Amino acid sequence: MSPAWPRLRVLRALRALLVVLLAPWRLWAIKDTQDCTWQVALNKFDAIGENHTSDRFFYQEPLDTVDEVFSLLVDAPIDPDKTYLGFPYYLKINYSCKREFSEALVRKGHLTGLKPMVLVSFQSPVNFYHWKIEQLQIQMEAAPFRSKELCNAEEVCVMSWYTPMPIKNGSVVMRVDVSSNGLGPFIPNKRCPFPSPGQWGRLWEGLPNPQVPKEDRRSPKGGNRAGGWLCARAGVGTLTGACPTPTASFRVNINGFLERQQDNTLRFTVGNELFNLIPRYFVNVPSRPLWYTVDQAPVLILGGIPEEKSILLTDTNFKDFFLVELSIDNCWVGSFCPQASFTATIYDAIATESTLFIRQNQLVYYFTGTYITLHESNHGSEKWVHVLDNECVKKLCPVHFHSNGSEYIMALTAGKHEGYVYLGTITDGRVSFELLPRQRSVCDAIKVVNCSITWAVFVAGHYNLLLLVETEDASTRKYFQVVSYDLVRDYLVILYTVPEFIPDGRRGRQRGLQSWVGAKRGPGDHISLLHPLFLCLPAQGLEFLNILGTESYTNISMVPKGMSYNPYNNWLFIWGNFLLMSYNNQNFIYLADFPKELSIKYLVNSFHGEVAIVTETEEIWYLLEGSYRVNQLFPSKGWEVYISLQVMHQSSLYAPNETMVTLFYEDSKLYQLVYLIDNQQGRLVKRLVPVEQLLMYQQLSNGYHLKPQGGHLTLSFTEFCPFMVLRLRDLPNPQTYTRQERYRAQPPRVLEPSGFHNEISLAVYQGLVYYLLWLHSVYDKPYADPVHDPTWRWWKDRRQDQDYYFYLASNWRSAGKVHIDMTSYEKIYDLKAEYELPERIFLDKGTSYSFSIFLTAQGHLFKSEIRHGVSVQPQSRAKLAVVLGDPGCIKVVMKKEVLINRYLVLLWVTLSDKRSCFDQGISGHHLRKTSMLVKVVGSAWHCFQNTLQGPRMAT
């Protein structure tokens with residue numbers, strides 16, 4: 001059982017104040033701004049103008065009601081012969097600030113010129129055989145609208161802004177970014193991106209380049225495509241430049257597990273909603289992992305509620321949620337399954353793009369939602385489907401990434417099929433299972449009598465299954481092995497045998513610091529690469545041991561419990577009461593910082609270079625790529641300081657009694673779902689885990705000294721960060737490399753002095769946005785097209801009359817009091833690079849991506865020597881290093897120039913495809929994922945950037 005989180009103690013505030021007062025002056029160098037946030041709600045058309053209303057994203061089919069409005073628009077630049085449709089929902093946008101009246105704030109913003117800008121990004125579908133892969137966005141300006149409720153004011157009492165909420169076939173997950181147009185009040189950026197000395201990269205191969213004008217094309221013609229996807233991570237230090245616009249990000253996902261009843265209310269198809277969060281469901285209940293297909297699952301589920309066949313279900317990443325009792329029969333197959341007792345608890349729960357999986361006792365069920373935008377027909381389940389009949393399933397294992405047009409899930413069996421794995425394949429909502437290995441069990445293949453599969457990892461891109469197998473030899477001695485099964489060749493091989501005992505960490509650290517390792521990237525890679533970046537750095541802070549077979553060991557047994565794999569950087573973790581890490585599944589490194597007295601319950605991988613670790617005692621530990629140091633987040637000194645400060649601020653996200661329900665990543669940020677009990681009232685809250693603040697508080701607690709000076713004590717701080725300022729420059733325009741296609745739409749102009757829109761103008765806005773995206777969907781992108789723009793045909797016969805339409809509008813004579821500006825609906829080709837690496841890049845065959853890094857370091861890190869009266873090349877001890885996930889496919893060239901008089905290091909970085917990886921199918925299919933990490937040596941755990949949202953840390 002999980003202990004409740006410790007009670008808050010106000011006495012800790014004294015220590016918190018001490019740490020804050022002792023912080024360097026730069027901690028206070030943050031602009032004093034209002035604490036304001038954007039707010040977004042989903043509304044159907046008939047709910048526009050109503051206050052405090054919000055709808056669920058359930059309807060997926062277009063509406064034909066807007067066509068009646070377009071029929072009234074005579075003398076307007078539209079085609080009267082076309083049928084205009086609309087989307088079923090609008091986005092309602094407001095903002096609020098602490099300690100200020102929100103309705104007055106919104107009015108003030110409107111009167112001072114504030115216009116919210118909305119960017120909707122559509123997630124690419126899983127099945128690329130059915131839908132084309134594309135990186136599509138639409139940028140819209142929100143339209144002001146007065147509330148329909150009673151108002152005694154002459155003009156407006158309550159108002160909001162609205163935009164259409166578009167839907168795209170093949171996409172059920174959408175991200176909505178709301179920003180300001182730069183006028184009116186300043187609303188801080190909640191997801192401000194900025195450059196980092198540890199830029200994390202993910203690479204894909206094979207996506208076709210969307211058509212852009214010929215002068216913007218830079219990729220070579222012909223040949224296979226090999227490419228890269230670079231995702232920027234958090235920034236550190238004191239960086240120049242700021243976020244271009246204050247932005248807030250929201251998840252807007254379609255919930256296909258709802259249905260409309262006769263009274264027009266919605267109910268869940270998977271079960272019945274419960275409205276009472278009973279404390280026994282959560283208090284002192286162990287936390288559990290949240291499993292889902294990364295970036296693809298619109299609905300997430302979480303089981304583990306004791307003795308109840310209920311789950312937590314959310315379509316907003318737990319911004320809000322529902323407690324649902326599942327409509328499954330409580331069955332027990334104890335007659336042929338080895339289980340001590342029966343329980344109603346849902347132990348394993350996994351969400352995919354359209355299908356939910358659960359395990360109760362040793363039975364597996366799935367339920368497919370109704371997603372017409374994915375399947376073009378109703379493939380939804382009418383009830384939970386029991387699969388793997390007559391099988392005893394002891395565990396479900398997730399597959400975090402889709403591949404080959406499908407998603408996957410694994411079921412580990414007991415009883416008659418012990419030593420086998422069922423691999424489930426989900427394609428367009430249809431589920432099938434295959435028993436693996438095909439010819440004989442794992443036990444027979446590795447020539448042991450008894451064995452049991454503890455965990456399974458499926459590397460879908462390579463059709464490879466990694467198994468953690470517990471075996472027993474003739475002397476009944478148990479040991480664990482990592483076994484690889486190739487699905488294509490039907491071939492099984494032992495990769496690694498886990499040591500029987502935990503290595504001696506003290507001697508291990510010394511040995512590890514002096515070692516190099518030759519790491520192959522897999523059984524098929526004949527290139528062996530040395531990695532001096534990690535294994536030959538200075539000795540400070542490196543807590544690891546290369547497992548070479550010559551180590552000394554303790555008498556504590558290694559007890560492996562699971563594995564975790566990241567396909568971008570090829571990290572493989574084996575975890576239990578220890579933590580082993582490998583880059584090639586064969587050579588392993590023991591991370592000695594993790595205490596052998598603890599046991600890991602589950603890992604949470606951001607797949608951007610961070611890993612959070614949850615132990616059986618609910619402690620939280622943290623690991624960064626580029627460092628072998630494992631840091632404790634909770635409980636810790638930093639946590640005590642942070643909690644004390646939250647008590648002083650009377651935060652509603654913390655309470656005397658807390659129980660963690662789960663831990664998960666969202667947009668590279670770590671979040672907790674926590675059950676709080678305050679004043680005998682229980683509630684579930686989602687809150688950010690302030691990793692950087694916790695680590696910074698710990699560093700400040702240990703990084704200051706009191707020195708006597710002039711009869712009194714003065715503070716002296718140790719500066720661990722090797723640089724002061726970092727900038728990214730010379731970034732190429734992003735669209736050539738990101739394959740990003742963006743459209744722009746503005747609301748039609750309303751002929752009313754106040755500028756407020758009405759139902760007619762919003763309906764016109766819906767129809768125009770729908771038609772714009774429809775033109776994109778039907779455009780086949782022919783290479784002979786001289787324009788390469790799907791919108792030009794829309795207005796080509798009307799542009800000659802553009803002045804006439806403007807004349808009607810300027811004289812307030814436009815039909816319907818609405819003016820449509822033809823230039824407001826277009827495709828954008830000239831997006832400029834910001835102050836960061838793009839979220840992803842795609843490298844074509846043989847192409848390169850280049851940028852520059854300006855690094856201002858501490859003065860003592862520079863030196864200039866004079867030999868024989870001649871000044872030699874100035875040197876800097878501030879160094880950058882690069883780690884590649886697949887050096888056989890890509891390469892990096894770095895050129896450095898040291899400007900010692902400015903304490904500046906200038907580096908030119910070029911990432912190139914090596915023309916050596918050709919495993920892709922046609923363009924856009926079977927994309928190859930890989931990564932690049934650019935790191936300032938010695939910056940991990942030591943460098944922080946202070947922003948309006950708190951500190952950010954280098955990797």
Side-chain angles (χ1 to χ4, degrees), residues 36-60 62-63 65-66 69 86-97 100-111 114-121 138-151 155-167 174-181 184-185 187 190 246-255 258 266 315-317 319-320 745-748 750 754-770:
C36 303
T37 56
W38 292 107
Q39 297 173 343
V40 170
L42 203 66
N43 281 170
K44 292 186 293 186
F45 182 79
D46 55 9
I48 289 179
E50 298 180 3
N51 298 332
H52 313 296
T53 59
S54 180
D55 295 298
R56 311 307 305 182
F57 206 151
F58 161 69
Y59 299 100
Q60 304 171 44
L63 305 178
T65 53
V66 302
V69 176
F87 301 105
Y89 296 101
Y90 289 84
L91 282 175
K92 176 182 178 181
I93 302 166
N94 280 318
Y95 74 95
S96 61
C97 304
E100 291 201 33
F101 190 54
S102 60
E103 295 177 357
L105 280 172
V106 173
R107 291 197 300 269
K108 176 183 176 182
H110 173 64
L111 294 175
L114 174 64
K115 293 181 180 180
M117 307 301 293
V118 176
L119 180 65
V120 178
S121 303
I138 182 168
Q139 176 183 306
M140 298 174 288
E141 179 185 297
F145 191 91
R146 279 180 290 217
S147 172
K148 296 179 181 178
E149 298 186 4
L150 182 64
C151 175
E155 283 294 338
V156 60
C157 289
V158 180
M159 61 158 290
S160 301
W161 289 275
Y162 288 88
T163 68
M165 181 60 224
I167 301 175
M174 287 147 283
R175 191 182 74 191
V176 174
D177 294 320
V178 182
S179 60
S180 167
N181 64 341
I187 304 175
K190 295 305 179 186
T247 308
S249 182
F250 302 89
R251 297 282 181 172
V252 182
N253 301 334
I254 299 176
N255 193 332
L258 293 168
L266 297 179
D315 53 19
T316 59
N317 284 25
K319 181 181 178 182
D320 54 26
Q746 290 181 300
V750 289
S754 65
F756 285 106
H757 283 249
N758 51 44
E759 286 90 343
I760 292 178
S761 62
L762 288 183
V764 172
Y765 199 8
Q766 276 274 20
L768 293 174
V769 171
Y770 184 96

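Given the structure is predicted, the values throughout are model-derived calculations rather than measurements. Count residues from 1 along the sequence.
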- Message: Show the nearest heavy-atom pair for residues Ala745 and Ile138, with the distance to one decimal.
- Response: CB-CD1, 4.5 Å

- Query: How close do Ala763 and Val69 get, heavy atom to heavy atom, and via which atoms?
  - Reply: CB-CG2, 4.0 Å

- Message: Tell me the closest heavy-atom pair linking Gly755 and Val750, and the distance in Å.
- Response: O-CG2, 3.7 Å

- Item | No-hydrogen, no-angle side-chain donor-acceptor test under 3.5 Å, Ser96 and Gln39 | yes

- Query: Are any of the side-chain heavy atoms of Val106 and Leu114 separated by less than 4.5 Å?
  - Reply: no

- Rounded distance (nearest 0.5 Å) linking atom CG of Asn181 with atom CE of Met117: 7.0 Å

- Query: Do NZ/NE/NH1/NH2 and the carboxylate oxygens of Arg56 and Asp320 come within less than 4.0 Å?
  - Reply: yes

- Do Pro164 and Met140 touch side chain to side chain, with heavy atoms closer than 4.5 Å? yes

- Side chain to side chain, Arg251 and Thr316, heavy atoms closer than 4.5 Å: no

- Run the numbers on Arg175 and Ser249 for side-chain contact (heavy atoms from CB on, under 4.5 Å), then give the verdict. CA-CA 7 Å; Arg175 191 182 74 191; Ser249 182; 3.3 Å; yes

- Glu759 with Lys148: basic N within carboxylate O range, under 4.0 Å: yes

- For Lys115, salt bridge (charged side-chain N to carboxylate O under 4.0 Å, His left out) partners two or more places apart: Glu141

- For residues Ser54 and Ala41, report the shortest heavy-atom separation together with the two atoms involved. OG-CB, 4.1 Å

- Message: Measuring from atom CG of Asn94 to atom OG1 of Thr37, what distance do you get when rounded to the nearest 0.5 angstrom?
- Response: 10.5 Å

- Please list, chain by chain and in numerical order, all residues satisfying ring pair (Phe, Tyr, Trp, His ring centres under 6.0 Å) with Tyr89, sequence neighbours excluded. Phe57

- Task: Report yes if the side chains of Val118 and Leu91 come closer than 4.5 Å at any heavy-atom pair, otherwise no.
- Result: yes

- Task: Evaluate the criterion side-chain contact (heavy atoms from CB on, under 4.5 Å) for residue pair Met174 and Met165; output intermediate values, then yes/no.
- Result: CA-CA 10 Å; Met174 287 147 283; Met165 181 60 224; 3.6 Å; yes

- Rounded to the nearest 0.5 Å, what separation is found between the OH atom of Tyr59 and the CG atom of Asn255? 12.5 Å

- Message: Which residue is it: Tyr90, Tyr162, Phe45, Phe756? I am looking for the one with a ring pair (Phe, Tyr, Trp, His ring centres under 6.0 Å) to Phe145.
- Response: Tyr162

- Message: Quick one, Ser179 and Leu119 - any side-chain contact, counting heavy atoms below 4.5 Å?
- Response: no

- Heavy-atom closest pair, residues Thr163 and Ala142: CG2-CA, 3.2 Å

- Task: For the residue pair Met159 and Ser147, establish whether any side-chain heavy-atom pair is separated by less than 4.5 Å.
- Result: no

- Query: For the atom pair CD (Gln139) and CD (Gln746), what is the distance rounded to the nearest 0.5 Å?
  - Reply: 8.5 Å

- What are the two closest non-hydrogen atoms of Leu63 and Phe87, and how far apart are they? CD1-O, 4.1 Å

- Message: Can you tell me how far apart CG (Asn43) and CD (Glu50) are? Round to the nearest 0.5 Å.
- Response: 7.5 Å

- Message: Do Ile93 and Ser160 have side chains that approach each other closer than 4.5 Å (heavy atoms only, starting at C-beta)?
- Response: no

- Item | Separation of Leu105 CG from Arg107 CZ (nearest 0.5 Å) | 9.5 Å

- Message: Over 60° means perpendicular and under 30° means parallel, so tell me whether Trp38 and Trp161 are parallel, tilted or perpendicular.
- Response: perpendicular

- Query: Should Val40 and Lys92 count as side-chain neighbours, where that means a heavy-atom distance under 4.5 Å?
  - Reply: no

